[in-house]
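Below you'll find the structure, written out as structure tokens, and then a few comments.
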Amino acid sequence: MTETAETRLKRMGMRSWRRGTKEMDMILGPFADDRLAGLSATELDLYDELLLENDQDLYQWVSGQVSPPDRFAGLIALIRDHKIAG
């Protein structure tokens, strides 16, 4: 069964707000609310993959403690910029 674009955005938004740690909820939740609808299909696919990653790794990538894998570097930069601007 294929997911509609609206359902996909809702699912990804929910997964962004309901992570394993409060820190990542507060980083990814607002990013998802503000930016998901404006991402390209390719960026949404990548964000969907990012949501499968461990919160401890995600936090280190977003906070700049550890460099993210190359495939996520651009997306992590968008999330980091959103966090700083917010």
Side-chain angles (χ1 to χ4, degrees):
M1 184 163 62
T2 303
E3 189 174 48
T4 66
E6 181 182 357
T7 300
R8 182 181 194 198
L9 289 175
K10 285 181 182 180
R11 175 183 55 78
M12 293 169 75
M14 180 69 74
R15 290 186 60 211
S16 297
W17 275 106
R18 298 217 176 14
R19 301 293 307 166
T21 64
K22 191 64 172 174
E23 293 84 1
M24 288 313 300
D25 292 351
M26 298 309 297
I27 293 169
L28 294 182
F31 175 81
D33 288 351
D34 295 343
R35 302 290 298 274
L36 280 189
L39 296 181
S40 70
T42 302
E43 290 170 321
L44 286 173
D45 289 343
L46 190 59
Y47 188 78
D48 221 358
E49 289 180 38
L50 186 77
L51 291 174
L52 298 174
E53 296 292 329
N54 180 294
D55 275 3
Q56 287 76 19
D57 293 334
L58 285 172
Y59 185 78
Q60 289 182 336
W61 299 340
V62 172
S63 66
Q65 296 174 32
V66 175
S67 295
D70 289 342
R71 73 174 204 238
F72 292 133
L75 185 55
I76 292 295
L78 283 177
I79 293 167
R80 186 182 298 136
D81 290 348
H82 182 269
K83 177 181 165 278
I84 292 168

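Computed from a predicted structure; not experimentally measured.
A distance of 10.5 Å separates CG in Leu39 from CG in Asp45, rounded to the nearest 0.5 Å. Interatomic distance, CE of Met24 versus OG of Ser16, reported as 9.0 Å (0.5 Å rounding). Atom CG of Leu36 is separated from atom NZ of Lys10 by 13.5 Å, given to the nearest 0.5 angstrom. Here the straight-line distance linking atom CD1 of Ile27 with atom NE2 of His82 works out to 11.5 Å at 0.5 Å rounding. Separating the CG atom in Leu58 from the OG1 atom in Thr21 is a distance of 8.5 Å, to the nearest 0.5 Å. Here the CZ atom belonging to Arg8 is positioned 11.5 Å from the OH atom belonging to Tyr47, to the nearest 0.5 angstrom.
When the side chains of ILVMFWY residues are joined at heavy-atom separations under 4.5 Å, either directly or via intervening members, Tyr59 and Met26 end up in two distinct hydrophobic clusters. Linking Ile, Leu, Val, Met, Phe, Trp and Tyr residues whenever their side-chain heavy atoms come within less than 4.5 Å leaves Leu50 and Met14 in two separate clusters.
In plain terms, the two heavy atoms of Pro68 and Ile76 that are nearest each other are CB-CG1, 3.9 Å. Taking both residues in full, the closest heavy atoms of Glu53 and Phe72 are given as OE2-CE1, 3.6 Å, listed atom of the first, atom of the second, then distance. Heavy-atom minimum distance, Met12 versus Leu51: O-CD1, 3.9 Å. Counting all heavy atoms, side chain and backbone alike, Ser40 lies closest to Glu43 at N-OE1, 2.8 Å.
When atom types are taken as modelled, the side chain of Arg35 and the backbone of Ile79 share no donor-acceptor pair closer than 3.5 angstrom.
Side-chain contact between Leu28 and Trp17: absent, with no pair of heavy atoms (C-beta onward) separated by less than 4.5 Å. Counting only heavy atoms from C-beta outward, the side chains of Phe31 and Val62 never approach each other to under 4.5 Å. Asp57 is not listed as a side-chain neighbour of Val66, based on a closest heavy-atom distance of 4.5 Å or more.
Applying the salt bridge (charged side-chain N to carboxylate O under 4.0 Å, His left out) test to residues at least two apart or on different chains, the pairs with a partner in residues 19-34 are Arg19-Asp55.
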Could you go step by step and tell me if Glu6 and Thr4 meet the side chain to side chain donor-acceptor pair (under 3.5 Å) rule?
-> CA-CA 5 Å; Glu6 181 182 357; Thr4 66; 5.4 Å; no

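Heavy-atom contacts from other residues, nucleotides or ligands closer than 6.0 Å to CZ of Arg18 number 12 or fewer.
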